[in-house]
Amino acid sequence: MKLKSDFYLQSNVVLIAKALLGKTLCTTVDGVLTSGKITEVEAYSGTNDKACHANNGLRTKRTEVMYAQGGKAYVYLCYGIHHLFNVVTNVHDTADAVLVRAIEPIDGLETMQKRRRKIEINKTLTAGPGALSQALGIQYQQHYGADLQGDEIWIEDAPVLTESEIVTSTRIGVAYAEEDALKPWRFYIKDNKWISKK
DNA sequence: GCGACGATTATCT
DNA sequence: GATAATCGTCGCA
């Protein structure tokens, strides 16, 4: 069952990030269903978090969708090559988001394999924020601001994992965020092989 | 208008 | 382990 819109409106982005672990991210880009279990996420807060693109109230064309009401997709281009997928959370005018960093493939393996131009299926298929976006066909030009209640990108509900199944660490690639780089806001499923980095 | 750089990854050594 | 790839955004003039 598709996650209800209320889920995305919760005020604590860290709790939402943890709750998203184990749920299923689905897309029907090009008419083909591709999906995977969310195994790794990171939380970004619009307030008091220098690692967030919308930090310090920065409001531009790029960050605008993060200020929208939760339940939308924030997709952006990184290093000019990688499309990174985020889930916008919290109420209107509060710029919180959860970056999905890795998934465990479920549906549409062949399509994902083709999009990734992989001969074999291994963890490089969907473990990593740029990799999973490519596998699911997510592109910033096409999916920036997409409604997660729609039928092109959505998240299927699943039971919330227990604390003992979740590993917590600092976020990846945010050294520029000074003291906020130390925030323990990265979460992944313990003993799961579909993780970008240990 | 211009220049520096990034929430990364594939492909080298 | 190091590095190239590659382009939209942001900050400043």
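Each chain gets a letter, A, B and so on, in the order the sequences are listed, and its residues count up from 1.
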Inset, instruction - Would you tell me if any nitrogen or oxygen in the side chain of T60(A) comes within less than 4.0 Å of OP1 or OP2 on dT9(C)? - result: no

Legend entry - Candidate nucleotides dT8(B), dA7(B), dT9(C), ranked by approach to the side chain of M66(A) - the nearest: dA7(B)

Inset, instruction - Ignoring hydrogens and angles, state whether a donor on the side chain of N122(A) or T124(A) is under 3.5 Å from an acceptor on the partner side chain. - result: yes

Inset, instruction - Tell me, with the steps shown, if N90(A) and Y8(A) meet side-chain contact (heavy atoms from CB on, under 4.5 Å). - result: CA-CA 6 Å; N90(A) 213 324; Y8(A) 302 107; over 6 Å; no

Legend entry - Integer-rounded Å distance: dC5(B) C1' and K50(A) NZ: 19 Å

Inset, instruction - Determine: side-chain N/O of R101(A) to OP1/OP2 of dT8(B), distance under 4.0 Å, yes or no. - result: yes

Legend entry - Chi angles and distances behind the salt bridge (Lys or Arg N to Asp or Glu O under 4.0 Å) call for E163(A), K18(A): CA-CA 9 Å; E163(A) 286 294 326; K18(A) 292 167 85 166; 3.1 Å; yes

Legend entry - Any H53(A) side-chain nitrogen or oxygen under 4.0 Å from OP1 or OP2 of dT9(C): no

Legend entry - DNA chain C: 5'-proximal contact among L58(A) and G80(A) (nearest heavy atom): G80(A)

Inset, instruction - Would you sketch DNA chain B in dot-bracket for me? Only Watson-Crick or G-U wobble pairs with both distances under 3.5 Å count, crossing pairs as [ ], other-strand pairs as |, the rest as dots. - result: ||||||.|||||.

Inset, instruction - Could you check how far CG of L77(A) sits from C1' of dT6(C), rounded to whole Å? - result: 8 Å

Legend entry - Candidate nucleotides dT9(B), dA7(B), dT6(C), ranked by approach to the side chain of Y74(A) - the nearest: dA7(B)

Legend entry - Near-ring test H92(A)/Y67(A), centroid separation under 6.0 angstrom: no

Inset, instruction - Take the angle between the ring planes of H82(A) and Y79(A) and call it parallel below 30°, perpendicular above 60°, tilted in between. - result: perpendicular

Inset, instruction - Select one nucleotide: of dA7(B), dT8(B), dG11(C), the one nearest the side-chain heavy atoms of I172(A). - result: dT8(B)

Legend entry - Salt bridge D157(A)-K23(A), side-chain N to carboxylate O under 4.0 Å: yes

Legend entry - Nearest to side-chain heavy atoms of T124(A), which nucleotide of dA10(B), dG6(B), dT9(C): dA10(B)

Inset, instruction - Using a 4.0 Å heavy-atom cut-off across all strands, classify R116(A) as base, sugar-phosphate, or nothing. - result: sugar-phosphate

Legend entry - Quiz item: cation-pi between R101(A) and Y188(A), 6.0 Å / 45°: no

Inset, instruction - Pick base, sugar-phosphate or nothing for R171(A), based on heavy-atom distances below 4.0 Å to the nucleic acid. - result: nothing

Inset, instruction - Using atom OH of Y176(A) as one end and atom C1' of dT8(B) as the other, report the distance to the nearest whole Å. - result: 13 Å

Inset, instruction - Ignoring backbone atoms, test whether Y76(A) places a side-chain nitrogen or oxygen under 4.0 Å from the OP1 or OP2 oxygen of dG6(B). - result: no

Legend entry - Euclidean distance, atom NE2 of residue H83(A) to atom C1' of dT9(B) [Å, nearest integer]: 13 Å

Inset, instruction - Give S196(A) one of three labels, base, sugar-phosphate or nothing, depending on what nucleic acid heavy atoms sit under 4.0 Å from its own. - result: nothing

Inset, instruction - Please work out if A177(A) contacts a base, only the sugar-phosphate, or nothing of the nucleic acid, heavy-atom cut-off 4.0 Å. - result: nothing

Legend entry - Aromatic ring of Y44(A) stacked on base six-ring of dA7(B), 5.5 Å, 30°: yes

Inset, instruction - With sequence neighbours left out, write down each residue that passes salt bridge (charged side-chain N to carboxylate O under 4.0 Å, His left out) with K123(A), or none if nothing qualifies. - result: none

Legend entry - Proximity to the side chain of C78(A) - top-ranked nucleotide from dT9(B), dA5(C), dG6(B): dG6(B)

